[in-house]
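Read the structure below first, then the notes.
Only this structure's heavy atoms are used, side chains among them; waters, hydrogens and symmetry mates stay out.
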Amino acid sequence: QVQLVESGGGLVQPGGSLRLSCAASGFTFSRYAMNWYRQAPGKERELVARITSTGVITNYADSVKGRFTIFRDNSKNTVYLQMNSLKPEDTAVYSCNVRYRAYDYWGQGTQVTVSS
């Protein structure tokens with residue numbers, strides 16, 4: 001079965017950095033695009049970044065462009081989101097996603113809180 005497990009969230013000060021990880025299993029990871037989404041309280045879920053099966057970045061949210069970087073390690077079946085220069089408005093639950101066989105799979109999410 002498909003499983004996505006995020007980790008790396010936590011409390012960080014404005015201007016700080018975090019690296020989120022999403023460990024994937026249950027499908028041939030290297031053949032699929034992977035996505036990071038986030039959802040802040042009271043707001044709609046937002047696509048943050050997408051990376052293709054070959055490692056080409058296909059999308060960044062405008063609000064994080066230049067600060068966040070998505071990358072993957074196919075040997076580890078893991079996709080990452082490197083977040084730098086964090087702002088309070090980045091506070092959200094961050095979730096990993098894959099569309100596999102026309103179905104969207106999600107991890108449990110990891111909380112990122114940016115606050116002084």
Applying disulfide (SG to SG under 2.5 Å) as the test, list every pair that has at least one member in residues 24-77; sequence neighbours left out.
none
Using residues 13-26 as the side-chain source, report each donor-acceptor pair under 3.5 Å to any protein atom, sequence neighbours left out, with the distance given to one decimal.
unit_1	atom_1	unit_2	atom_2	d
S17	OG	N84	OD1	2.9

How does the hydrophobic cluster around Y80 look, that is, which other residues are in it when side-chain heavy atoms under 4.5 Å mark a link?
F71
Which ILVMFWY residues are connected to Y37, directly or by a chain of links, through side-chain heavy atoms under 4.5 Å apart?
L47, W106
Applying salt bridge (Lys or Arg N to Asp or Glu O under 4.0 Å) as the test, list every pair that has at least one member in [range]; sequence neighbours left out.
| range | result |
| --- | --- |
| residues 68-81 | none |
| residues 97-106 | none |
| residues 28-38 | R38-E46, R38-D90 |

Can you name the closest pair of heavy atoms from L86 and V12 and give their distance?
CD1-CG1, 3.5 Å
State which residues pass side chain to side chain contact (heavy atoms under 4.5 Å, CB included) with [X]; sequence neighbours excluded, sorted by chain then number.
| X | value |
| --- | --- |
| Y32 | F27, V98, Y100 |
| Q39 | R45 |
| S85 | R67 |
| S53 | none |

Are side-chain heavy atoms of N97 and W36 found at a separation under 4.5 Å?
no
Among all residues two or more places apart in sequence or in another chain, which pass the ring pair (Phe, Tyr, Trp, His ring centres under 6.0 Å) test with F29?
none
In terms of side-chain heavy atoms, does T52 have a donor or acceptor partner in T54 at a distance below 3.5 Å?
yes
